[in-house]
Q: 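Structure incoming, see below.
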Amino acid sequence: MIDVKKKLMKQLSDVMPEFEIAIKADIAQKIIALKEQKNAVILGHNYMEPALYLSIPDFTGDSLELCRKAANTDKDIIVFCGVRFMAETAKILNPEKKVLIPSPKAGCSLAESITAADVRELRTQYPGVPIVTYINTYADVKAECDVCCTSGNAAKVVASFGNQPVIFLPDEYLAANVARETGRKIIFPTKIPRAATGQNPGLDYQMIGWQGRCEVHEQFTVEDIDNVRSQFPDVVILAHPECSPEVVDASDFSGSTAEMLAYVRDANAPRYLLLTECSMGDNIAAENPNLEMLRLCSIRCPHMSEITLEDTLRALELEQYEVDVPEHIRKRALASVERMLTIR
Ligand code: 13P
Ligand code: SF4
């Protein structure tokens, strides 16, 4: 068994007091032993806090990578150190396995922004138009859509429909960024409801969006970027595509959390700023002590930070909190997820 304390001391001793590392390492060691005893796999999203991210997951990654890992596991239990829609996706792919999320409070503002009834209403309003849903939605919404996407493959999924118009839900900014990348004109019919204007939006569009937002990424501004650049002219700025198109435009690179990680590993810049959940910067700094990472840590995802080492240990001990998806919803949601996984 790996010596977690030694590993964490090596990677975190510049950013965390040793006594705290020792406490976290002790919990992580117990989790690893229990995970083996119970034949469980732990999937950890890139936003997990450093002590967790660096110790217990069998796999770390962005939503797409973790979805692929969930699709291929042969373990009996999947512990998802991420938010609920991610754990639900693992359950959609593995109905016979026990899927656990360490905190029942780990939601997502995007997943909350749309309901299955909203999607049905859009289908009635735009009959025959295929519906792409961001993976940051709950199973009942996925069940009403045609295909899922993540920030890592959104443009590819939209492009797979050729010249056909598509509905893209629910992230307004991701939709606008994808529309720009794929050269499509986008409309947001909820901005000016048809009933209020009495007008049909006509046919001059190739994408129809929704007005959900990530409560974290919507907070980054072009002014933040200007401020950072004026203090650190050599900084390379990476923005998650859930940021506004203006912020993405003012940045040097935009991509999923895994794409940002890969970019930083391969580039050779003196310093970086990631416009995304702050712990990503901590994790990169811990793995690459030679890199200078700037962080805007007043902006955090309250849902991801619900997942702690302590709760993960309890989750494995008590086999809580089990994620379930009713079979009639799961089957239809699976079609959307599987269709996404065939698009490379
Ligand atoms: P990624 O798929 O890029 O990891 O994004 C997930 C997410 O929730 C971003 O806020
Ligand atoms: Fe949801 Fe935003 Fe948190 Fe990601 S960062 S889980 S999109 S609220």
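Note that these values count all heavy atoms, side chains included, but never hydrogens, waters or copies made by symmetry. Both ligands and their constituent atoms are indexed starting at 1 by order of listing.
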Q: Using atom types as modelled and distance alone, determine if a side-chain donor or acceptor of Asn288 lies under 3.5 Å from a backbone N or O of Leu291.
A: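 Not confirmed, Asn288 side chain does not pair with Leu291 backbone.
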
Q: Do Asp58 and Lys69 sit within salt-bridge range, that is, some charged N less than 4.0 Å from a carboxylate O?
A: no

Q: I need the nearest protein heavy-atom contact for atom 2 (Fe) of ligand 2: residue, atom name and distance, please.
A: Cys214 SG, 2.3 Å

Q: Nearest to atom 7 (C) of ligand 1, what protein heavy atom do you find, and at what distance?
A: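 Ranking protein heavy atoms by distance from atom 7 (C) of ligand 1, first comes Glu242 OE2, 3.7 Å.
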
Q: Under 2.8 Å from atom 2 (Fe) of ligand 2, is there an N/O/S atom belonging to Cys301?
A: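 No N, O or S atom of Cys301 is closer than 2.8 Å to atom 2 (Fe) of ligand 2, so no.
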
Q: Okay, side chain of Lys91, backbone of Lys97: is any donor-acceptor separation there less than 3.5 Å?
A: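 Yes; judged by distance alone, with no hydrogens or angles, the pair exists.
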
Q: Heavy-atom distances under 4.0 Å decide this one: backbone, side chain, both or neither, for Thr276 against ligand 2?
A: neither

Q: Could you check whether any heavy atom of Thr150 sits closer than 4.0 Å to an atom of ligand 1, since that is the contact criterion I want to use?
A: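 The answer is no, since Thr150 has no heavy atom less than 4.0 Å from ligand 1.
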
Q: Rounded to the nearest 0.5 Å, what's the gap from OG on Ser151 to CG on Asn136? Could you check?
A: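 Nearest 0.5 Å value for the OG-CG distance: 7.5 Å.
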
Q: Under a 4.0 angstrom heavy-atom cut-off, which atoms of ligand 2 come close to Asn136?
A: 7 (S)

Q: Of the side chain and backbone of Glu242, name the one, both, or neither that has a heavy atom under 4.0 Å from an atom of ligand 2.
A: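 Under 4.0 Å from ligand 2, Glu242 contributes side-chain atoms alone.
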
Q: Are the charged groups of Arg84 and Glu112 less than 4.0 angstrom apart, N to O?
A: no

Q: Of all the non-hydrogen atoms in the protein, which one sits nearest to atom 6 (C) of ligand 1, and at what distance?
A: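 Going atom by atom, the protein heavy atom closest to atom 6 (C) of ligand 1 ends up being Ser63 OG, 3.4 Å.
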
Q: Which ligand 2 atoms does Leu110 reach within 4.0 Å, using its non-hydrogen atoms?
A: 7 (S)

Q: Could you list which atoms of ligand 1 come closer than 4.0 Å to a heavy atom of Ser256?
A: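 Matching atoms, with element in brackets: 3 (O).
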
Q: Are the side chain of Asn153 and the backbone N or O of Arg344 linked by a donor-acceptor pair below 3.5 Å?
A: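 A pair under 3.5 Å: no.
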
Q: Report yes or no: does Ser279 contribute a side-chain atom to a donor-acceptor pair with the main-chain N or O of Asp282 at less than 3.5 Å?
A: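 No, Ser279 side chain to Asp282 backbone: no donor-acceptor pair under 3.5 Å.
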
Q: Identify, by atom number and element, the atoms of ligand 2 in contact range of Ser109, meaning under 4.0 Å from any of its heavy atoms.
A: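 Listed by number with element: 8 (S).
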
Q: For ligand 1, find out whether one of its N or O atoms is nearer than 3.5 Å to an N or O atom of His45.
A: yes

Q: By number and element, which atoms of ligand 1 are closer than 4.0 Å to a non-hydrogen atom of His240?
A: 1 (P), 3 (O), 5 (O), 9 (C)

Q: Would you call His217 a ligand 1 contact, heavy-atom distance under 4.0 Å?
A: yes

Q: Taking the six-membered ring for Trp, are His240 and His217 parallel (under 30°), tilted (30 to 60°) or perpendicular (over 60°)?
A: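 Because their plane-to-plane angle lies in the 30° to 60° range, the rings of His240 and His217 count as tilted.
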
